[in-house]
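Note: hydrogens, waters and symmetry copies are ignored here, and every other heavy atom, side chains too, is used. To find a chain, count down the sequence lines: A is the first, B the second, and so on, and within it residues start at 1.
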2 protein chains.
Amino acid sequence: MAGQAAGTRRAVILRAAAGLFAARGFHGVSIEDLGRAVGTSGPALYRHFAGKEALLAAILVEISERLAEEGAARAAEEADPAGALDALLRGHIAFALDEPALITVHDRELENVPEPERRRIRRLQRGYVEQWVAVLARLRPDTPEPALRAALHAVFGLLNSTPHSAGELGREEMAGLLFTMARAALLAR
Amino acid sequence: MAGQAAGTRRAVILRAAAGLFAARGFHGVSIEDLGRAVGTSGPALYRHFAGKEALLAAILVEISERLAEEGAARAAEEADPAGALDALLRGHIAFALDEPALITVHDRELENVPEPERRRIRRLQRGYVEQWVAVLARLRPDTPEPALRAALHAVFGLLNSTPHSAGELGREEMAGLLFTMARAALLAR
DNA sequence: CACCGATGTTAGTGAATGTTAACATCGGTG
DNA sequence: CACCGATGTTAACATTCACTAACATCGGTG
């Protein structure tokens, strides 16, 4: 059973694992469950990952990298802070709507990642946050930075709650709603 | 070792359990952990609760009842919808700031509650949501109800994220910030 | 065609965990 | 003071779980 461009199997496993972790939490999913989700049985996964924690770490590192990179790219394309904020918002919203499982795992399971990678993920997350804070500081130079940070975390809470709401709205409608709400929340005083 | 107004022991256990469940998740806490948190060892808890799941169920039922009751009381005191919304916001924010562990458990662990109580909690949560929706519908009669519901869930995400943000702001400052942001998000268009 | 690397399988192992059982303590009550 | 209800203790049990070991399959390559 060879074949598939190298790395494909890994990606399939990571995606399935993210779905299960998002639905039942890291400790609520067994190795056997993870194997079954990709059509094999339990221990087969050790051919691809050192263990259950390594699997979670790989998921979180990938998400954090992606958010930080895309965030930097989007923010850099815009000259004025208002445009940069809109770009950051659109990017984050698209990610949350397209990858609900990844967003869920990303803000719930950091504590279950073992220490070497934990620090790395924290650094990436901090970098992402700093991009937002820099833009917000230019938009609201009068507001002290701790308040900006607190407001930003609250908006992340708003945006990342999408996967848990029933979803009676269509994708585009939801994206527009989240954009309007988040923008209003960040610029309100 | 008798004494203490009946029910006190129960309350102590529930509070400690909520703290642990919030920090490490239902499956990340053992009965032994829960016992140690109240100065006894593991199995002693079976004198007070039928099992680990019953403990979680008790926590969630209590929170849901409290939110629904206080919500109804606060909303009923205000005649106009704008005042009612402000009252609901202030109540929810106070709860989130005063009981971070309870809010966290409340919106993460429903799936681990066994079936008889699960339905009850869902009903209580639905009742709480309906109070908000009724107020919002009067404030924004032009907006279709599904959009109001989606916006409401997003605002809950915003408010309930408080326990997870570092908390560099003082309590009153944070309460004011959350109030301003949530209000702006709900009334934006 | 012999070999190998990638990928899988089943059986087993040791540790952790939820729960029950049997027994202890002790303050209040008749 | 005998008894009981509330509360706790330790030992034991069955189950689950992460992980390892030993062995199988098979496509591509020299």
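- Minimum atom distance to the side chain of Ser41(B) is reached by dT9(D), of the listed dC17(D), dT9(D), dC23(D).
- A salt bridge is absent between Arg10(B) and Glu62(B); no separation between the charged side-chain nitrogens and carboxylate oxygens falls under 4.0 Å.
- Atoms CG (Leu45(A)) and P (dA6(C)) sit 17 Å apart, rounded to a whole Å.
- Rounded to an integer number of Å, the gap from CZ of Phe49(B) to P of dG8(D) is 12 Å.
- For Lys52(B), the listed nucleotide lying nearest its side chain is dG18(C); candidates were dG18(C), dT10(D), dA22(C).
- The side chain of Ile31(A) has dC19(D) as its nearest neighbour among dC19(D), dG8(D), dT10(C).
- Remark: C1' of dT7(D) and CD1 of Ile13(B) are 10 Å apart, rounded to the nearest angstrom.
- The neighbour count for Arg189(A) CZ, taken as heavy atoms of other residues, nucleotides or ligands under 6.0 Å away, is above 12.
- Note: CZ (Arg47(A)) to P (dC19(D)) measures 15 Å, nearest angstrom.
- Between the CD atom of Glu32(B) and the P atom of dA15(C) there is a distance of 17 Å, rounded to whole Å.
- Residue Tyr46(A) places its side chain closer to dA18(D) than to any other of dG18(C), dA18(D), dG8(D).
- Atoms CG (Leu55(B)) and C1' (dG18(C)) sit 13 Å apart, rounded to a whole Å.
- Remark: dA2(C) base-pairs with dT29(D). Criterion, Watson-Crick or G-U wobble with two distances under 3.5 Å.
- Taking atom NE2 on His27(A) and atom P on dA16(C), their separation rounds to 14 Å, with Å as the unit.
- A salt bridge between Arg149(B) and Glu130(B) is present, with a side-chain N of the basic residue lying under 4.0 Å from a carboxylate O of the acidic one.
- Using a 4.0 Å heavy-atom criterion, one finds that Gly51(B) contacts the sugar-phosphate atoms exclusively.
- Nucleotide dG8(C) holds its C1' atom 16 Å from the CZ atom of Arg36(A), rounded to whole Å.
- Within the nucleic acid shown, Val29(A) comes within 4.0 Å of sugar-phosphate atoms alone, with no base atom in reach, counting heavy atoms only.
- Nucleotide dT20(D): paired with dA11(C) (Watson-Crick or G-U wobble, both distances less than 3.5 Å).
- Closest approach to the Pro43(B) side chain among dT10(D), dT17(C), dG8(D) is made by dT10(D) (side chain taken as heavy atoms from C-beta onward).
- Between Glu32(B) and Arg36(B) there is a salt bridge, since at least one side-chain N of the basic residue sits less than 4.0 Å from a carboxylate O of the acidic one.
- Base pairing of dA11(D) is made with dT20(C), judged by Watson-Crick or G-U wobble geometry with both donor-acceptor distances under 3.5 Å.
- The shortest distance between the side-chain N/O atoms of Arg9(B) and the OP1/OP2 oxygens of dG8(D) is below 4.0 Å.
- Side-chain nitrogen and oxygen atoms of His48(A) include at least one within less than 4.0 Å of the OP1 or OP2 phosphate oxygen of dG8(C).
- With respect to Arg183(B) and Asp86(B), a salt bridge is recorded, a charged nitrogen being found less than 4.0 Å from a carboxylate O.
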